[in-house]
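These notes concern the structure reproduced below.
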Amino acid sequence: MRMSKLMLKTLREAPSEAELESHKLLLRAGLVTTFAAGLYAFTPLGWRVIRRIEQIIRDEMDATGAQEVRLPELNPIELWEQSGRAETMGQTLFRLADRKERGFVLGPTHEEGMSFLASRHIQSYRDLPVTLYQIETKFRDEQRPRGGLVRLREFTMKDAYSFDTTWETLDASYAAAYDAYVRIFARAGIPVVPVAADSGAIGGKESQEFIYLTEDGEDEILQCPGCGYAANAEKAEFTPPPALHAEPLPMEKVATPNQRTIADLAAFLGIEERQTVKAVFYKADGQPVFVAIRGDLDVNEVKLKNALKAQDIEVMDEAMVKRLGLVAGSASAVGLTGMKVVADPTAVEAVNLAGGANEDGFHYLNVNHGRDWKADLITTVALARGGDACARCGTPLEVRRGMEMGHVFKLGTLYSESIGVQYLDESGERKPCVMGCYGIGVERMLAACIEANHDEQGIIWPAAVAPYDAHVVVLNGDQESVVGALAELEASATSARLALLVDDRPDSAGIKFKDADLLGMPSRLTLSPRSLEKGGVEFRNRRSGETSIVPLAGAVSAILEAASAG
RNA sequence: CGGGGUGUAGCUCAGCCUGGCAGAGCGCUACGUUCGGGACGUAGAGGCCACAGGUUCAAAUCCUGUCACCCCGACCA
């Protein structure tokens with residue numbers, strides 16, 4: 001490709017809308033054009049990178065035996081009503097109607113669609129297992145798109161779905177997808193760590209996310225430096241600090257003027273925070289829920305939501321608190337009626353805790369579960385934080401942030417039951433398929449790839465995703481010796497199936513070198529009368545900066561060598 | 001949806017406080033000189049100062065409202 005013909009405009013300065021390094025470089029290198037928040041166009045150069053990333057994904061999925069298909073992006077809303085997600089996905093779903101007022105959704109993901117497709121083709125256990133995938137646009141009305149390509153409203157997802165007869169064979173399908181993911185991210189030059197995850201709104205059991213660790217990520221990860229355990233904060237298990245042991249004492253009411261927070265209360269009473277019990281009020285699917293947890297801990301809302309089997313959970317609004325007569329700052333489950341009480345085991349096991357007296361300015365001392373109050377549900381809802389002890393080995397957990405690149409999980413029969421993906425087993429019995437689900441965000445991979453591969457000058461593409469294999473800077477391109485050498489170089493590249501980006505513009509050398517650094521092809525070849533005098537082209541490795549003169553005939557092998565080195 | 005910030009040329013920004021001709025650098029066009037790390041000269045083109053309303057003799061500037069974009073949070077594969 002000749003740069004004189006390429007529709008590309010690089011920018012010396014990044015537009016002020018960009019904050020993330022990848023976003024700045026995407027705009028400066030002219031790979032994308034902003035349409036609106038979370039909506040981007042790809043330019044010819046940017047689109048080549050997307051296609052290369054997709055091809056890596058396709059290669060590795062195909063290698064596992066997965067089969068590529070194509071679903072409509074416009075889904076009849078009935079499918080979503082069948083699964084219940086027309087309701088539970090809420091406003092994230094883009095909805096529309098046709099001229100006859102039939103309802104549709106723009107697919108935000110395709111469990112329903114893929115299940116429907118499978119249901120039309122799977123009849124017998126002999127048809128299983130099978131894994132289907134597609135690389136297709138998803139639409140989500142996100143509350144806040146962000147970070148350039150990190151969170152989009154319209155984006156490309158590779159979504160794969162496995163259909164098995166049993167949970168045991170699902171393990172193999174899941175493992176195959178997992179292994180493919182490890183290879184995909186490695187090939188694309190994105191370092192990832194697999195972490196245990198919550199399976200979220202889609203439902204399901206075992207689940208892992210592939211996270212690119214970066215301070216700019218939106219996910220919080222807890223990692224154990226001792227045993228390697230890593231989990232999303234919403235899923236992370238830990239061992240809370242032990243409670244103090246004591247013999248139960250009689251409950252006693254004390255005045256605690258203006259002591260509303262746990263920290264205030266503990267300081268006022270001269271005790272540790274773990275000797276108090278904290279009350280938090282939630283609204284779960286509209287119903288009030290009272291959560292009791294030891295004062296030194298916080299509530300993990302995802303764990304709470306799962307424990308309650310709720311679709312939606314939020315902190316109780318003030319109006320509801322007032323209506324129910326709850327005394328914020330002095331609340332406890334002692335004498336509480338009229339709502340469900342959920343207790344973390346820490347609040348149940350500890351004795352002689354200080355807790356609210358349900359009267360402004362008063363607390364009880366020596367509150368004990370079983371004697372003074374009783375939980376309707378005792379379940380772990382404590383949030384893991386940095387420094388908490390790893391549940392497996394006791395080492396303090398470390399907090400990291402990261403970007404979710406991919407997600408694999410064991411779905412089970414949720415969708416095969418609601419959409420009706422069934423097979424006849426050996427004994428002629430009709431059963432739902434056991435499903436797995438595996439997603440990768442393509443644009444987000446591009447963003448992470450740039451985050452992980454750049455310097456102050458610009459992008460440094462891993463060879464496997466670079467839009468062109470090499471960038472040829474032509475200087476004094478009107479001189480005959482250069483014209484001839486360029487033709488030779490292009491011919492040898494073509495026969496070796498290498499794609500060259502040739503800067504044949506009449507600009508100054510400085511501009512061309514700056515653009516070559518910004519655009520980040522792994523190899524740069526400078527072709528000029530001077531280089532020819534020295535015996536060929538000047539070869540420069542973008543990543544290492546190493547420079548050498550190679551003869552024209554050796555240019556292709558130099559490019560290949562640099563590519564194989566990564 | 002809550003909190004914070006920003007909207008002036010294609011990009012980065014000044015001007016706004018204290019109302020009075022619409023500005024700079026980069027980029028773009030033409031010509032000339034340069035020609036291995038964002039060169040130089042000359043001449044140009046390019047603006048509904050986000051939008052709407054108000055105050056005023058006069059509004060980019062003051063007031064009110066709306067919208068868009070960015071960041072944090074909530075939420076979300």
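Naming convention: chains lettered A, B, ... in sequence-line order (proteins, then strands); numbering from 1 in each chain.
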Does any N or O donor sit under 3.5 Å from an N or O acceptor when you compare the side chain of A:Asp517 with the base of B:G37? yes
Looking only at N and O atoms, is any donor in the side chain of A:Arg524 or the base of B:G37 less than 3.5 Å from an acceptor on the other one? yes
Rounded to whole Å, please give me the gap between [atom1] in [X] and [atom2] in [N].
X        : N     : atom1 : atom2 : value
A:Arg444 : B:C76 : CZ    : P     : 14 Å
A:Glu154 : B:A77 : CD    : C1'   : 16 Å
A:Gln143 : B:C75 : CD    : C1'   : 4 Å
A:Arg85  : B:C76 : CZ    : P     : 13 Å
A:Glu87  : B:C76 : CD    : P     : 15 Å

For the side chain of [X], starting at C-beta, report the closest nucleotide among [options].
X        : options             : answer
A:Leu11  : B:G27, B:C11, B:G73 : B:C11
A:Phe513 : B:C70, B:G36, B:A77 : B:G36
A:Glu538 : B:G36, B:C70, B:G37 : B:G36
A:Phe155 : B:A74, B:G38, B:A77 : B:A77
A:Arg146 : B:C11, B:G36, B:A74 : B:A74
A:Arg144 : B:C69, B:C76, B:C72 : B:C72
A:Arg540 : B:C69, B:G38, B:G37 : B:G37
A:Glu13  : B:U12, B:C69, B:G38 : B:U12

Using the [atom1] atom as the point on both nucleotides, what is the distance between [M] and [N], in whole Å?
N     : M     : atom1 : value
B:G46 : B:C11 : C1'   : 14 Å
B:C26 : B:U64 : C1'   : 37 Å
B:A22 : B:G54 : C1'   : 24 Å
B:G27 : B:U66 : P     : 41 Å
B:A68 : B:C49 : C1'   : 16 Å
B:C40 : B:C63 : C1'   : 49 Å
B:G47 : B:C13 : C1'   : 15 Å
B:G15 : B:A60 : C1'   : 8 Å

What is the nucleic acid contact for [X], judged by heavy atoms within less than 4.0 Å: base, sugar-phosphate only, or nothing?
X        : value
A:Asp507 : nothing
A:Tyr438 : nothing
A:Asp515 : base
A:Glu301 : sugar-phosphate
A:Gly147 : sugar-phosphate
A:Thr34  : nothing
A:Ala14  : sugar-phosphate

Of all residues at least two apart in sequence or in a different chain, which pass the side chain to side chain donor-acceptor pair (under 3.5 Å) check with A:Asp517? A:Arg540
Would you check if the side chain of A:Ser4 reaches a backbone N or O of A:Asp504 as a donor-acceptor pair within less than 3.5 Å? no
Base-pairing mate for [N] - Watson-Crick or G-U, with both contacts under 3.5 Å:
N     : answer
B:C35 : none
B:C1  : B:G73
B:C57 : B:G20
B:G44 : B:C28
B:A52 : B:U64

Salt bridge (charged side-chain N to carboxylate O under 4.0 Å, His left out), that's the test. Do A:Lys410 and A:Asp171 meet it? Break it down for me. CA-CA 8 Å; A:Lys410 298 180 179 176; A:Asp171 288 345; 2.6 Å; yes
Are OP1 or OP2 of [N] and a side-chain N or O of [X] less than 4.0 angstrom apart?
X        : N     : answer
A:Thr92  : B:C76 : no
A:Ser508 : B:A39 : yes
A:Lys305 : B:C76 : yes
A:Arg12  : B:G27 : yes

Would A:Ser418 and A:Gln82 count as having a side-chain donor-acceptor pair, cut-off 3.5 Å? no
Side-chain contact test, heavy atoms from C-beta onward, threshold under 4.5 Å: evaluate it for A:Glu443 versus A:Ile53 and give yes or no. no
Would you mind checking if A:Asp141 and A:Arg95 are paired as a salt bridge, meaning a charged N to carboxylate O distance below 4.0 Å? no
Describe, in one word, how the ring planes of A:Phe290 and A:Phe281 are oriented to each other, choosing from parallel (under 30°), tilted (30 to 60°) and perpendicular (over 60°). tilted
Parallel, tilted or perpendicular: rings of A:Phe42 and A:Trp47 (30°, 60°): tilted
Note: for A:Lys512 and A:Pro145 on RNA chain B, the residue whose nearest nucleotide lies more 5' is A:Lys512
Taking for each residue the nucleotide of RNA chain B bearing the nearest heavy atom, is the 5' side occupied by A:Lys514 or by A:Asp219? A:Lys514
